[in-house]
Amino acid sequence: MFERFTKDARAVVQGAVEHAERAGAGSVDAEHLFLALLDREAGRASFALAALGLAERGDAVRQALGEARRRAGLSQADAEALAGLGIDVSEIVARVEEAHGVGAMSGDRKVKGWSGRRSFGRGAKEILERALRIAVARRDRHIGDEHILLALTVRPGVSGEVLADHGVTYESVVRVLYGGGEAKAG
Amino acid sequence: MTEATDLAERAGDRDPRVGLRAVAALRRLLEQLESVQVRSARNQGWSWQEIAAELGVSRQAVHKKYGRH
């Protein structure tokens, strides 16, 4: 699959690995792909994010992603579903952090000397597979960073939710990249 | 409506999507909680056997899951 990735897409994947390593995450997650996309200043995805006004709100986006990570990577929709069962996620996170420190529920471990290679978690693999499917459906010959962005907008989860909160959806990305409207793929 | 019946009604939400999402979220929350508690126990010198006994699983299961870290 990787041989079909454009230079920009490869840079995003590499950037995601670096984000995961810096955070001490056990695996590369979908959110690391999103963070890597935000860092980029070249490429079609960066163009789309800038056109949709997200580039200048990078700090707010990073903060929202960080908060979701602190609550075990649960999205707002997840937290609301649990609230429906009478479970207050923020209360649980607050109590665990009180005993075990800030970020205890993030799954990140700053283990000294652990520099093993990160594997891709299920979420990140799903994003890359979806990016491939979207590229195929669009009859694009290569998988670019824009396909990774499109995949992030359609997969339920923290990244898709944060993107949607800032008006970045599959439809809006397609509109700024290709013009006009079209059916959702992937 | 009392709080209890309100909760009961929500827990039995007719929309399977909401119910399934809650289950998936709960599982994720549980996994993180388990990881935090197991690491904390190990840092305090607990054996895998002691941790497994409290969790109600086999020593092998808990060691396989967390032993490398």
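Chain letters run A, B, ... following the sequence lines, proteins first and then strands; every chain starts at 1.
Residue A/Ser106 touches chain B through its backbone alone, counting heavy-atom pairs closer than 4.5 Å. When heavy atoms are compared at a cutoff of 4.5 Å, A/Ala77 approaches chain B by way of both its backbone and its side chain.
Residues satisfying the side chain to side chain donor-acceptor pair (under 3.5 Å) criterion with A/Ser172, sequence neighbours excluded, are A/Thr169.
Using a 4.5 Å cut-off between non-hydrogen atoms, the part of residues 24-34 of chain B that approaches chain A consists of B/Ala25, B/Leu26, B/Arg28, B/Leu29, B/Gln32, B/Leu33.
With a 4.5 Å cut-off on side-chain heavy atoms, A/Arg130 and A/Val154 count as touching. A/Ser90 places none of its side-chain heavy atoms less than 4.5 Å from the side chain of A/Arg71. Using a 4.5 Å cut-off on side-chain heavy atoms (C-beta onward), A/Asp145 and A/Phe5 make no contact.
No more than 12 heavy atoms of other residues, nucleotides or ligands shown are found within 6.0 angstrom of CD on A/Glu41.
A distance-only check finds a donor-acceptor pair linking the side chain of A/Glu161 to the backbone of A/Gln76 [under 3.5 Å].
Each of A/Ser75, A/Ala99, A/Ala72 has some count of heavy-atom pairs under 4.5 Å with chain B, and the biggest count is that of A/Ala72.
Here CD1 of A/Ile143 is found 10.5 Å from CD1 of A/Ile134. Values are rounded to the nearest 0.5 Å.
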